[in-house]
Amino acid sequence: MLVNATRGFLWSDMETRALLNIWGEHDVQTALDGNFRNSHVYRDVANRLCELGFDRTPDQCRIRVKSLKRQYFQAKEGSRKNGQYHKMCKFYDEMERILSNRSLLERQDIDSVAVGGDETMDEDAESTELLQEAHMDGSGECSFMEHPVKTEYPSCPIPVTVGGMSSFPTKQSSLTKTNPPAATSSRPRRSKKRFANMSLEKLMEKFLEQSMEAEDNFYRLEEQRLQAEDKRREEEHSRELQMLQMLGQIFTGISTPSPAPQATPQPSCIPQTNPTVPLTRPPCGNRNHPPALTEFASHSQPAGPVIERSFSLGTTAMDSVIPLVRKTIPPLTSKKHKGQDGRIGIIGGCQEYTGAPFFAAISALKVGADLSHVFCTKDAAPVIKSYSPELIVHPVLDGPNAVEEIEKWLPRLHSLVVGPGLGREEMLLKNAKEIIERSKLRGIPIIIDADGLWLVAKEPSVIQGYQRGILTPNFMEFTRLYEAMHHEPLDSTDHKRSAQQLSIAMGHLTLVLKGEEDIITDGKNMLTCNQEGSGRRCGGQGDLLSGSLGVFAHWAFSSPPDAAKGMNPSLVAAFGATSLTRQCNRQAFHKHSRSTTTSDMIQEISSAFKKLFES
Ligand SMILES: NC(=O)C1=CN([C@@H]2O[C@H](COP(=O)(O)OP(=O)(O)OC[C@H]3O[C@@H](n4cnc5c(N)ncnc54)[C@H](OP(=O)(O)O)[C@@H]3O)[C@@H](O)[C@H]2O)[C@@H](O)CC1
Ligand SMILES: Nc1ncnc2c1ncn2[C@@H]1O[C@H](COP(=O)(O)OP(=O)(O)OP(=O)(O)O)[C@@H](O)[C@H]1O
């Protein structure tokens with residue numbers, strides 16, 4: 001028998017009355033009286049109930065009748081003693097009307113059942129049993145021990161239907177039918193005793209408990225299954241990744257036949273312009289150090305050779321870093337709440353420059369941050385707000401308590417972009433400096449761009465050595481920084497070498513030197529991103545990059561350490577952001593050509609993101 005989960009276990013009064021009306025009919029009673037087996041009678045009863053709109057199985061009807069009979073007989077017995085007991089049986093009067101003509105017969109039937117002891121759930125045997133139960137004393141002992149006892153529960157365990165799947169309550173044994181052979185009928189029957197004192201309601205309660213337990217088990221197992229599935233997929237993914245890396249390694253090996261660092265012809269995609277910064281071919285991966293790890297391994301000598309890879313779309317080398325970026329991107333799931341994928345702060349926006357902080361903040365949102373805060377001057381705020389209702393704009397940057405006001409938000413921020421549209425007013429730079437200092441104490445990734453770099457050029461110590469700092473200079477800003485650090489003119493013939501030197505001088509800070517090709521270095525490793533970008537150099541493209549980088553940096557630093565396979569998270573984030581920016585610029589440029597604006601580029605973020613990281 002399968003209990004349909006849509007049918008309630010409990011019977012309403014209306015249902016019970018309908019059942020009693022049918023069951024009490026003369027024809028039904030006669031059919032039950034005259035038949036040893038009664039399943040067909042209850043089938044008819046159930047069908048007729050169904051016609052009245054009550055969906056019950058024959059077994060449910062039979063069990064309900066039994067329960068009513070038990071209550072009736074108990075009440076009747078009790079009633080003999082105190083005259084009030086019958087109040088415990090809600091349907092006493094109906095039962096009385098139906099059974100009064102049968103009670104004598106049932107008492108007679110006790111004897112016949114004692115002899116017959118058939119295993120079927122016949123009506124008369126049930127009556128016997130019910131009468132026995134009614135005669136049990138408080139200790140649970142039955143005064144009719146000479147009669148065989150049958151439990152009233154179905155002979156098979158009742159499966160529970162959970163979410164379309166059937167499972168069984170864990171403690172089935174207590175619900176199975178006990179049919180002791182006639183020869184042992186005089187022995188005390190333990191299982192009977194165990195249930196004898198329990199009302200049907202109690203047993204149903206117990207059964208419901210077990211059903212819920214079964215349901216819990218089902219969900220627990222389902223969760224385990226899903227977790228195992230996730231793990232399997234992840235393993236498969238990293239296997240594929242490793243294969244790709246090995247392939248990349250093989251291709252690199254083919255295009256650079258000699259591993260010697262000096263005087264060897266370099267592959268065209270890895271231009272070497274300065275012999276003092278030789279290119280080192282990464283050793284082949286082994287079991288302990290897969291290719292990706294050795295490729296990005298650190299060098300202890302600060303001015304030593306950088307490990308360089310040049311990437312452009314379509315090459316296997318590109319394919320080996322983009323998967324690392326992907327690994328840091330949090331999955332989209334309904335399990336998270338607002339803000340968990342990124343709360344980014346932009347420090348910038350003054351009277352002259354309202355576009356830059358807007359570009360950075362909106363790019364952060366489009367890349368995948370949940371919340372974007374702009375901390376700007378009082379007069380810039382209404383303008384920035386009017387661009388987009390999606391940004392949270394704080395007009396505090398030029399206020400008397402700017403630092404304290406902004407510091408209040410720092411515990412909520414995952415990364416900070418300092419500089420877009422900041423301007424160079426002394427007071428604003430001072431506030432920005434203090435915010436950087438306080439953010440460092442909290443370990444917040446800090447991206448410094450535009451006028452923020454002006455500040456760094458004046459006071460390098462503000463960010464020097466902070467491993468979660470990333471500088472994103474254009475060439476002009478880079479020159480300024482370089483000269484401030486080295487006190488000598490920049491040798492503009494070798495951008496990579498200069499970038500490496502500046503990074504080292506800044507305490508191995510990650511540097512993104514933007515240009516025709518973007519150079520990314522932490523002084524030990526170097527990535528170049530030279531995929532096709534835009535032919536347009538409209539203002540604001542750098543803001544798009546810094547806003548995006550704010551998000552990628554948060555994701556990279558909050559990923560498990562193995563996500564980036566040992567690579568500096570800043571490099572992974574910077575590569576992700578520059579690739580995305582160039583892809584956006586390119587897509588927009590292909591659509592709008594000479595009239596391309598930064599807003600057009602920002603419009604391309606979602607499709608570029610999909611293409612690069614979700615395809
Ligand atoms: N809509 C807005 O609100 C926008 C606001 N913005 C905000 O403006 C603020 C100031 O930023 P900025 O970039 O104008 O100042 P800075 O870096 O001193 O450059 C000054 C001069 O340097 C040169 N130069 C620049 N790049 C070069 C290169 N690659 N290679 C060679 N030279 C290069 C070039 O000199 P030129 O060629 O004109 O002589 C340029 O004029 C800052 O807060 C920023 O966020 C912008 O984001 C744009 C959108
Ligand atoms: N010559 C170029 N060819 C292709 N892409 C470029 C070129 N120069 C810069 N870019 C790209 O444009 C983006 C912004 O770089 P850009 O040098 O314009 O920054 P910026 O001057 O700081 O911008 P902003 O106008 O926001 O201050 C970078 O991601 C870079 O990859």
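On a predicted model such as this, the values are computed, not experimentally measured, just so you know. When a ligand or atom number is given, it counts from 1 through the structure's own listing order.
Remark: Gln464 CD is packed, more than 12 non-hydrogen atoms of other residues, nucleotides or ligands lying under 6.0 Å away. At most 12 heavy atoms of other shown residues, nucleotides or ligands fall within 6.0 angstrom of atom NZ in Lys430. Glu488 CD: more than 12 foreign heavy atoms inside a 6.0 Å radius.
Ligand 1 has Arg480 within reach: a non-hydrogen atom of the residue lies less than 4.0 Å from it. In this structure, Arg424 is part of the shell of residues with a heavy atom less than 4.0 angstrom from ligand 1. For Gly542, the heavy-atom gap to ligand 1 stays at 4.0 angstrom or more. For the ligand labelled ligand 1, residue Pro357 lies outside the 4.0 Å heavy-atom shell.
Taking atom 43 (O) of ligand 1 as the reference point, the nearest protein heavy-atom neighbour is Asp451 OD2, 2.4 Å. Counting protein heavy atoms only, atom 49 (C) of ligand 1 is closest to Gly540 N, 3.8 Å. At the shortest separation from atom 18 (O) of ligand 2 among protein heavy atoms lies Gln541 CB, 4.3 Å. Of all protein heavy atoms, the one lying nearest to atom 45 (O) of ligand 1 is Gly421 N, 2.9 Å. The closest protein non-hydrogen atom to atom 20 (P) of ligand 2 is Lys514 NZ, 3.6 Å. For atom 20 (C) of ligand 1, the closest non-hydrogen atom of the protein is Met476 CG, 4.6 Å. The protein heavy-atom contact nearest to atom 17 (O) of ligand 2 is Asn474 CB, 3.7 Å. Here the protein heavy atom with the shortest distance to atom 13 (O) of ligand 1 is Asn474 ND2, 4.1 Å. Here the protein heavy atom with the shortest distance to atom 10 (N) of ligand 2 is Arg537 NH2, 3.2 Å. When hydrogens are left out, the protein atom nearest atom 1 (N) of ligand 2 is Glu516 CA, 3.4 Å; that is the closest non-hydrogen contact. Here the heavy atom of the protein found nearest to atom 25 (O) of ligand 2 is Gly540 N, 2.7 Å.
Classification of Arg582 and Asp518 as a salt-bridged pair holds, one side-chain N sitting under 4.0 Å from a carboxylate O. Taking a cutoff of 4.0 Å between a charged side-chain nitrogen and a carboxylate oxygen, Lys496 and Glu517 qualify as a salt bridge. For the pair Arg480 and Glu477, the salt-bridge criterion is not met [side-chain N within less than 4.0 Å of a carboxylate O]. Residues Lys378 and Asp398 are not paired through a salt bridge, judged by the lack of any N-O separation under 4.0 Å between the basic side chain and the carboxylate. Note on Glu426 versus Lys458: salt bridge recorded, some NZ/NE/NH1/NH2 to OD/OE distance being below 4.0 Å. Between Asp449 and Lys514, at least one side-chain N (NZ, or NE/NH1/NH2) sits under 4.0 Å from a carboxylate O, which counts as a salt bridge. Salt bridge Glu434/Arg438: present, at least one basic N to carboxylate O contact under 4.0 Å.
Ser607 and Gln587 share a donor-acceptor pair across their side chains, judged by distance under 3.5 Å alone. Counting only N and O atoms by type, the side chains of His590 and Glu532 include a donor and acceptor under 3.5 Å apart. Using modelled atom types, one finds no donor on one side chain facing an acceptor on the other under 3.5 Å when comparing Asp543 with Ser546. At a cut-off of 3.5 Å, with distance as the only test, no side-chain donor of Asn530 or Thr528 sits close to an acceptor on the other residue.
Within 4.0 Å of atom 29 (O) of ligand 2, at least one protein heavy atom is present. Shown here, atom 22 (O) of ligand 1 is in close reach of the protein: a heavy atom of it lies under 4.0 Å off. Put simply, atom 15 (O) of ligand 1 has protein non-hydrogen atoms near it, under 4.0 Å away. Protein non-hydrogen atoms do reach within 4.0 Å of atom 8 (O) of ligand 1. Protein heavy atoms are absent from the space less than 4.0 angstrom from atom 36 (P) of ligand 1. Atom 41 (O) of ligand 1 lies below 4.0 Å from none of the non-hydrogen atoms of the protein.
If you number the atoms of ligand 1 from 1 as listed, the ones under 4.0 Å from a heavy atom of Gly419 come out as 43 (O). Less than 4.0 angstrom separates some heavy atom of Phe475 from each of these atoms of ligand 1: 28 (C), 29 (N), 30 (N). The atoms of ligand 2 that sit less than 4.0 Å from any heavy atom of Gly539 are 25 (O). Less than 4.0 angstrom separates some heavy atom of Asp543 from each of these atoms of ligand 1: 45 (O), 46 (C), 47 (O), 49 (C). For ligand 1, the atoms lying closer than 4.0 Å to a non-hydrogen atom of Pro420 are 45 (O). Atom numbering of ligand 2 starts at 1 in the shown order; those under 4.0 Å from a heavy atom of Asn585 are 12 (O). For ligand 2, the atoms closer than 4.0 angstrom to any heavy atom of Asp543 are 26 (O). Near Asp518, the atoms of ligand 2 lying under 4.0 angstrom from a non-hydrogen atom of the residue are 29 (O), 30 (C), 31 (O).
Residue Thr581 has no nitrogen or oxygen atom sitting less than 3.5 Å from a nitrogen or oxygen atom of ligand 2, judged on distance alone. Considering backbone and side-chain N/O of Gly533, none are found under 3.5 Å from N/O of ligand 2. An N or O contact shorter than 3.5 Å is missing between Asp449 and ligand 2 by distance. For the pair Gly542 and ligand 2, the shortest N or O to N or O distance falls below 3.5 Å.
Gln541 contributes a side-chain N or O that, together with a main-chain N or O of Arg536, makes up a donor-acceptor pair within less than 3.5 Å.
Contact annotation: for Leu422 versus ligand 1, heavy atoms closer than 4.0 Å belong to the backbone alone. Residue contacts with ligand 1, taken as heavy atom pairs separated by less than 4.0 Å, involve Glu477 solely via side-chain atoms from C-beta onward. Heavy atoms from both the backbone and the side chain of Ala356 come within less than 4.0 Å of ligand 1.
For the salt bridge (charged side-chain N to carboxylate O under 4.0 Å, His left out) test, no residue two or more places apart in sequence or in another chain qualifies with Arg412.
Counting all heavy atoms, side chain and backbone alike, Gly423 lies closest to Leu429 at O-CD2, 3.7 Å. The two atoms that bring Phe475 and Ser492 nearest to each other are CZ-CB, 4.0 Å, heavy atoms only. Heavy-atom minimum distance, Ser579 versus Cys529: OG-SG, 3.7 Å. Counting all heavy atoms, side chain and backbone alike, Leu397 lies closest to Ala402 at O-CB, 3.5 Å.
Using cut-offs of 30° and 60° on the angle between ring planes, the pair Phe552 and Trp555 is perpendicular.
Of the listed options Gly355, Ser546, Gly349, Gly355 places a heavy atom closest to atom 1 (N) of ligand 1. With distances taken over non-hydrogen atoms, the option nearest atom 8 (N) of ligand 2 out of Gly355, Gly515, Ala450, Cys538 is Gly515.
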